[in-house]
Amino acid sequence: MQQKTNIQLGLKENWKQFWLLVFINALVGGMIGLERTLLPEIAEKEFHLTSTSIILSFIIVFGLFKAFTNYFTGALANRFGRKKLLLAGWLTGIPVPFILMFADNWNWIIVANILLGINQGLTWSSTVVMKIDLVGEKERGFAMGLNEFAGYGMLGLVAFVTSNIAANYGLRPYPFIIGIVFVIAGTLLSWLFVKDTSGHVKKEAEQSNSVPLLKNVFAETSWLNKNLGSVTQAGLVNNLNDAMIWGIMPVLLAQRGFGIEQIGIITAVYPAVWGLGQLVTGKLADIYCKRDLLFWGMLLQGIAIILIVFSSNIIHYITISVILGIGTAIVYPTFLSAIAEDTNPQQRAKSLGVFRFWRDLGYVIGALLTGIFTDYFSIEFSIAFIGILTLLSSIIIIYRMYCKKEAKSLLGNPTS
């Protein structure tokens, strides 16, 4: 067993475990990509569902169970260890592709998304926390960029691949077969090769420049701490608008005459740009003021979402998907890096769990708002409303957050 005195922080020092976790998180993202394009189509064509609220019910249960699992993963990470939670997540995900392939009513799809939410909460949260533990303070943003690139890049790739398989061989069962490979590989790699990172947490906590302990991790991460609370509200709004894009875009595009292959391209561009962009934007969070990055990212998202209302052809939608992907790529690794920056290593997992709880509760709120507004008003009304919420989130960030003194500002403002 590795002694604490031999433990070093840094990407180079822990490259084997780090890149293993990057690959595992790609498998985690691929699990969401399985249904990113297809479930709204399956709901309408196979189960003949017409209410937008019912169609989006799979996102609601996914987000709800992922949110609570995120919280408990963070709260229990120090007690049980990151590796055990990671492995538990993969074991929970094993039934998911089989249910998606063979479900004979919509209730089974809901069950699959309950399991998928638990799977994602345990696996993604664990890989995030473990990478932060390994690399230390200086490379945190870059590490999160690589982590989120792997997850969301694979999500976009799988969404594209499954839509093409569906166009040629039908909506089920063939597009979901790749999910069986993901869960088997994820389970075996996590069980046989991943090592826990509790020693790295202790190592960093011993350093003299650690952030003071929070008095109430839940309350301060949720809102009371100006930086942590601002990041948390932006995370919630980000996933709120992602729920809308995930659930309503395939429906909107189908209504406007686009085929399954075109819908697959449009819906895959957004997470693909989001994923690839984080190779660059993650490192930016190590250099520039996190407040500024979050402001610009949320602003771009809000503008892109509102532009959807005025779009009519595939070029418009692809352009919007690119802008939306860039905006999300800017904020996603910055969220995690900012939370880690303002919490003590001993409280980091719990604070990240609280952040991810609220962030993924955004899926629930976004799906509910989208369903209600679409059923009672119109798809366009839902899109415009959520676009405005996203713009308001960027305003909260710029007026409430502050920058660390050593960070470079993108806005020319004082950094403290």
Side-chain angles (χ1 to χ4, degrees), residues 28-66 93 95-120 152 154-180 182-183 239-255 258-271 360 362-364 366-368 370-371 374-375 379 382:
V28 175
M31 290 292 289
I32 311 178
L34 289 174
E35 56 178 46
R36 186 81 187 193
T37 304
L38 301 182
L39 280 198
E41 286 282 305
I42 291 171
E44 287 192 335
K45 293 181 179 178
E46 292 195 12
F47 297 111
H48 309 294
L49 301 177
T50 55
S51 168
T52 305
S53 298
I54 295 173
I55 292 172
L56 298 185
S57 59
F58 78 94
I59 299 178
I60 294 170
V61 296
F62 168 80
L64 188 64
F65 278 84
K66 186 174 183 234
V96 171
F98 297 98
I99 297 174
L100 294 175
M101 289 166 70
F102 302 115
D104 58 1
N105 66 67
W106 189 249
N107 290 332
W108 278 111
I109 300 295
I110 298 300
V111 170
N113 276 273
I114 290 172
L115 295 175
L116 185 62
I118 297 170
N119 159 264
Q120 293 291 304
Y152 288 100
M154 181 65 86
L155 188 161
L157 177 62
V158 172
F160 176 73
V161 169
T162 53
S163 65
N164 274 273
I165 295 172
N168 289 287
Y169 300 102
L171 290 169
R172 294 194 297 165
Y174 298 108
F176 299 108
I177 290 175
I178 192 173
I180 300 171
F182 291 160
V183 292
N239 278 23
L240 184 153
N241 69 47
D242 185 44
M244 183 271 293
I245 296 295
W246 181 1
I248 213 68
M249 277 299 286
V251 177
L252 174 69
L253 294 170
Q255 287 182 359
F258 292 93
I260 185 69
E261 287 184 279
Q262 290 176 310
I263 293 172
I265 292 169
I266 294 167
T267 56
V269 166
Y270 160 46
D360 288 328
Y363 280 124
V364 180
L368 285 171
T370 300
T374 300
D375 285 342
I379 288 180
S382 297

For the atom pair [atom1] ([X]) and [atom2] ([Y]), what is the distance rounded to the nearest 0.5 Å?
X: Phe62; Y: Leu116; atom1: CZ; atom2: CG; result: 5.0 Å
X: Phe47; Y: Leu39; atom1: CZ; atom2: CG; result: 9.0 Å
X: Leu64; Y: Leu368; atom1: CG; atom2: CG; result: 9.5 Å
X: Asn239; Y: Asn241; atom1: CG; atom2: CG; result: 8.0 Å
X: Ile114; Y: Ile110; atom1: CD1; atom2: CD1; result: 7.0 Å
X: Ile165; Y: Thr37; atom1: CD1; atom2: OG1; result: 11.5 Å

**OP:** Determine, step by step, whether Val251 and Glu41 satisfy the side chain to side chain contact (heavy atoms under 4.5 Å, CB included) criterion, reporting the C-alpha distance in whole Å, the side-chain angles of both residues, the deciding distance to 0.1 Å, and the verdict.
**Re:** CA-CA 8 Å; Val251 177; Glu41 286 282 305; over 6 Å; no

Check the pair Val96 / Val183 against side chain to side chain contact (heavy atoms under 4.5 Å, CB included), numbers first and verdict last.
CA-CA 9 Å; Val96 171; Val183 292; 5.8 Å; no

Any sub-3.5 Å donor-acceptor pair from [X]'s side-chain atoms to [Y]'s backbone N or O?
X: Glu261; Y: Asn164; result: no
X: Thr374; Y: Gly371; result: no
X: Asp360; Y: Gly63; result: no
X: Arg172; Y: Leu100; result: yes

Do [X] and [Y] come close enough that some side-chain heavy atom pair is under 4.5 Å?
X: Pro175; Y: Met101; answer: no
X: Glu35; Y: Ile109; answer: no
X: Arg36; Y: Val158; answer: no
X: Met154; Y: Val28; answer: no

Are [X] and [Y] close enough that a side-chain donor and a side-chain acceptor fall under 3.5 Å?
X: Ser57; Y: Trp106; result: yes
X: Ser382; Y: Thr370; result: no
X: Tyr174; Y: Asn168; result: no

Closest contact, heavy atoms only, [X] versus [Y]:
X: Ala268; Y: Phe160; result: CB-CB, 3.7 Å
X: Pro271; Y: Leu155; result: CB-CD2, 3.6 Å
X: Gly247; Y: Leu56; result: CA-CD2, 3.3 Å
X: Leu38; Y: Phe176; result: CD1-CZ, 4.1 Å
X: Pro250; Y: Thr267; result: CG-CG2, 4.2 Å
X: Ala367; Y: Ala243; result: N-CB, 3.9 Å

- Would you check if the distance from the ring center of Phe98 to the ring center of Trp108 is below 6.0 Å? no

Dump the intermediate steps for side chain to side chain contact (heavy atoms under 4.5 Å, CB included) on Trp246 and Phe58, then the final yes or no. CA-CA 11 Å; Trp246 181 1; Phe58 78 94; 3.8 Å; yes

Those residues at least two apart in sequence (or on a different chain) that pass side-chain hydrogen bond (donor to acceptor under 3.5 Å, both in side chains) with Gln262 are none

request  = Carefully, step by step, assess Ile55 and Glu44 under the rule side chain to side chain contact (heavy atoms under 4.5 Å, CB included).
outcome  = CA-CA 8 Å; Ile55 292 172; Glu44 287 192 335; 3.7 Å; yes

Paired with Met244, the side chain to side chain contact (heavy atoms under 4.5 Å, CB included) test is passed by just one of Asp242, Leu240, Ile248, namely Ile248

